[in-house]
Number of protein chains: 2
Amino acid sequence: MEQLAEILKAKKLKVTPQRLAIYKVLYETSSHPTAEDIYTALRQSHPTMSLATVYKTLDALKKSDLATELNIGDDSSRYDATIKSHPHMICLNCGKVIDLHTDSLKDFKENVQKETDFDIVSEKVYFYGTCKECKSKKEQNKIND
Amino acid sequence: MEQLAEILKAKKLKVTPQRLAIYKVLYETSSHPTAEDIYTALRQSHPTMSLATVYKTLDALKKSDLATELNIGDDSSRYDATIKSHPHMICLNCGKVIDLHTDSLKDFKENVQKETDFDIVSEKVYFYGTCKECKSKKEQNKIND
DNA sequence: ATGGATGCAAAGTGTTTGCAGCCAG
DNA sequence: CTGGCTGCAAACACTTTGCATCCAT
């Protein structure tokens, strides 16, 4: 917790209880919550928290590269505390969003950089499909049928 | 134009003048228009066209895999007539969206498929950065300074 | 003939903004 | 002290929906 405040300070962001709480939620979960999710998660501990503050804070975190906004085609954006940019996999069956840590992206990017005359600053990569768990569940169902 | 109607019919979509016009715009441009862009483009030729129809049609095209919705983090979605799924490159300077046709994605996907136990059905890949033209413009400015 | 498509207006949803009061630095 | 942050409500922008009418098949 201490260290989170340090990170914020290092980015020259004022450390308020709200900010810390929002950043903490984002930092400690891997569930890629929406602004609303974060707001709901904090209502009990921070009864005065406002959704606008969540949005404003997420915006500040984004601008300081402490968070990434995911646009997976859903109605609302989901967020991820950025440690290092990475692709995401969305299960079309259960809706789960999974972080993908792989080095293969690097090669792909290098190829693209070479092929085109486009300077890549950042990227967003989403894979849609079926996750391991849902796959085995489907197998189970087949057997039971 | 004839063939566009055929494509729609093949997907069992009723061929109405509105649909044809919307699909034509999408099919013949590479500018990745928003729903509003398409609506504006067609107002003159189709004065009764409604924005709701554009949205409904885009939805129908999407469901039939004739169009793709791009979520590049902008306020509004942009659309692309799907010939074949491909990555997009967004210039952060001029806002242009460029189609990227490369085979390197295939290798990347195969690697990921092997590394994880996730069945990939589709993907969305966006690269953000500076396009060739904006790059040379920046060079020009440097020289002129 | 008839089920789906159109088009208008109204409603909905996620997000942003204005502003007064507040608090971290 | 002071500029930035909070929180409320109102405003916004994009998208969806309801429904009567229309038209492609």
Side-chain angles (χ1 to χ4, degrees), chain A residues 1-2 4-25 32-40 42-64 66-79, chain B residues 1-2 4-25 32-40 42-64 66-79:
Chain A
M1 338 290 103
E2 263 311 300
L4 291 189
E6 296 310 317
I7 298 175
L8 292 175
K9 272 183 204 166
K11 294 287 184 177
K12 287 168 189 168
L13 294 174
K14 273 194 184 174
V15 180
T16 67
Q18 292 87 336
R19 267 198 186 158
L20 210 48
I22 292 166
Y23 188 32
K24 188 164 180 283
V25 169
H32 309 88
T34 62
E36 189 91 38
D37 289 340
I38 297 172
Y39 174 61
T40 307
L42 292 175
R43 286 205 83 159
Q44 304 154 40
S45 51
H46 297 72
T48 73
M49 173 76 72
S50 123
L51 190 51
T53 298
V54 177
Y55 276 109
K56 285 171 187 167
T57 299
L58 288 172
D59 205 51
L61 293 175
K62 246 170 42 182
K63 283 183 179 149
S64 302
L66 295 179
T68 309
E69 183 176 355
L70 306 183
N71 313 109
I72 62 174
D74 222 332
D75 323 317
S76 49
S77 291
R78 304 179 60 159
Y79 296 83
Chain B
M1 338 292 104
E2 262 311 300
L4 291 189
E6 297 310 317
I7 298 175
L8 292 175
K9 272 183 202 164
K11 294 287 184 176
K12 288 170 189 166
L13 294 174
K14 272 194 185 175
V15 180
T16 66
Q18 292 88 336
R19 269 200 185 157
L20 209 48
I22 292 165
Y23 188 33
K24 189 165 179 282
V25 169
H32 309 86
T34 63
E36 190 90 38
D37 289 339
I38 297 173
Y39 174 61
T40 308
L42 293 176
R43 283 204 85 159
Q44 306 154 38
S45 51
H46 297 72
T48 72
M49 174 76 72
S50 123
L51 190 51
T53 299
V54 176
Y55 276 109
K56 285 171 187 168
T57 299
L58 288 172
D59 204 52
L61 293 175
K62 246 169 44 184
K63 284 184 179 149
S64 302
L66 294 179
T68 309
E69 184 175 354
L70 305 183
N71 313 110
I72 62 174
D74 222 331
D75 324 315
S76 49
S77 293
R78 302 179 62 160
Y79 295 83

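To find a chain, count down the sequence lines: A is the first, B the second, and so on, and within it residues start at 1.
Residues A/T53 and A/I22 share a closest heavy-atom pair of O-CD1, 4.1 Å. When all heavy atoms are compared, the tightest approach of B/P17 to B/H46 is O-NE2, 4.1 Å. Nearest heavy atoms, A/A35 versus A/V54: O-CG1, 3.6 Å.
Here C/dA9 is the nucleotide among C/dA9, C/dT6, C/dG25 with the atom lying nearest to any side-chain atom of B/A52. With distances taken from any side-chain atom of A/K56 to the nucleotides C/dG7, C/dA24, C/dT17, the minimum falls on C/dT17.
No donor-acceptor pair closer than 3.5 Å links the side chain of A/R19 to the backbone N or O of A/T57. With hydrogens and angles disregarded, a donor-acceptor distance shorter than 3.5 Å links the side chain of A/R78 to the backbone of A/H32. Listed for the A/S64 side chain is no donor-acceptor partner under 3.5 Å among the backbone atoms of A/L66.
Here the P atom of nucleotide C/dG25 and the CG atom of A/L20 are 10 Å apart, to the nearest Å. Rounding to whole angstrom units, CG of residue B/N71 and P of C/dT15 are separated by 12 Å. Distance, B/H46 NE2 to C/dA5 P: 17 Å, rounded to whole Å. For A/Q18 and C/dC22, the CD to C1' distance is 10 Å, given to the nearest whole Å. Between the OH atom of B/Y55 and the C1' atom of C/dC8 there is a distance of 16 Å, given to the nearest Å. In this structure, A/L58 places its CG atom 13 Å from C1' of C/dT16, rounding to the nearest Å. Atom CZ of B/R19 and atom P of C/dG7 are 12 Å apart (whole Å). A straight line from CG of B/D59 to P of C/dT6 spans 12 Å, rounded to a whole angstrom.
Nucleic acid contact class of B/S77 (heavy atoms, under 4.0 Å, all strands): sugar-phosphate only. Contact annotation for B/T53: base contact, defined as any heavy-atom pair under 4.0 Å involving a base atom.
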* Steps toward salt bridge (Lys or Arg N to Asp or Glu O under 4.0 Å) verdict (B/K62, B/D59) -> CA-CA 5 Å; B/K62 246 169 44 184; B/D59 204 52; 3.7 Å; yes

* Could you walk me through whether A/Y23 and A/I7 pass the side chain to side chain contact (heavy atoms under 4.5 Å, CB included) check? -> CA-CA 10 Å; A/Y23 188 32; A/I7 298 175; 3.6 Å; yes

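Mapping heavy-atom proximity under 4.0 Å, the span of DNA chain D touched by chain B runs 5' to 3' from D/dC14 to D/dT25.
Overall bending of the helix from C/dA1-D/dT25 to C/dG25-D/dC1, expressed as the angle between end axes built from five pairs apiece, is 50° (10° steps).
A/L42 contributes atom CG, which lies 11.0 Å from atom CG of A/L51 (distance to the nearest 0.5 angstrom).
Regarding contacts with the backbone of C/dG7, a side-chain N or O of B/T48 is found under 4.0 angstrom from either OP1 or OP2.
In this structure the side chain of B/L70 never reaches within 4.5 angstrom of the side chain of B/S77, judged on heavy atoms.
Nearest-nucleotide mapping onto DNA chain C: of B/P47 and B/K14, the residue sitting toward the 5' end is B/K14. Nucleotides of DNA chain D nearest to B/D75 and B/P17 differ in position, and the one nearer the 5' end is that of B/D75.
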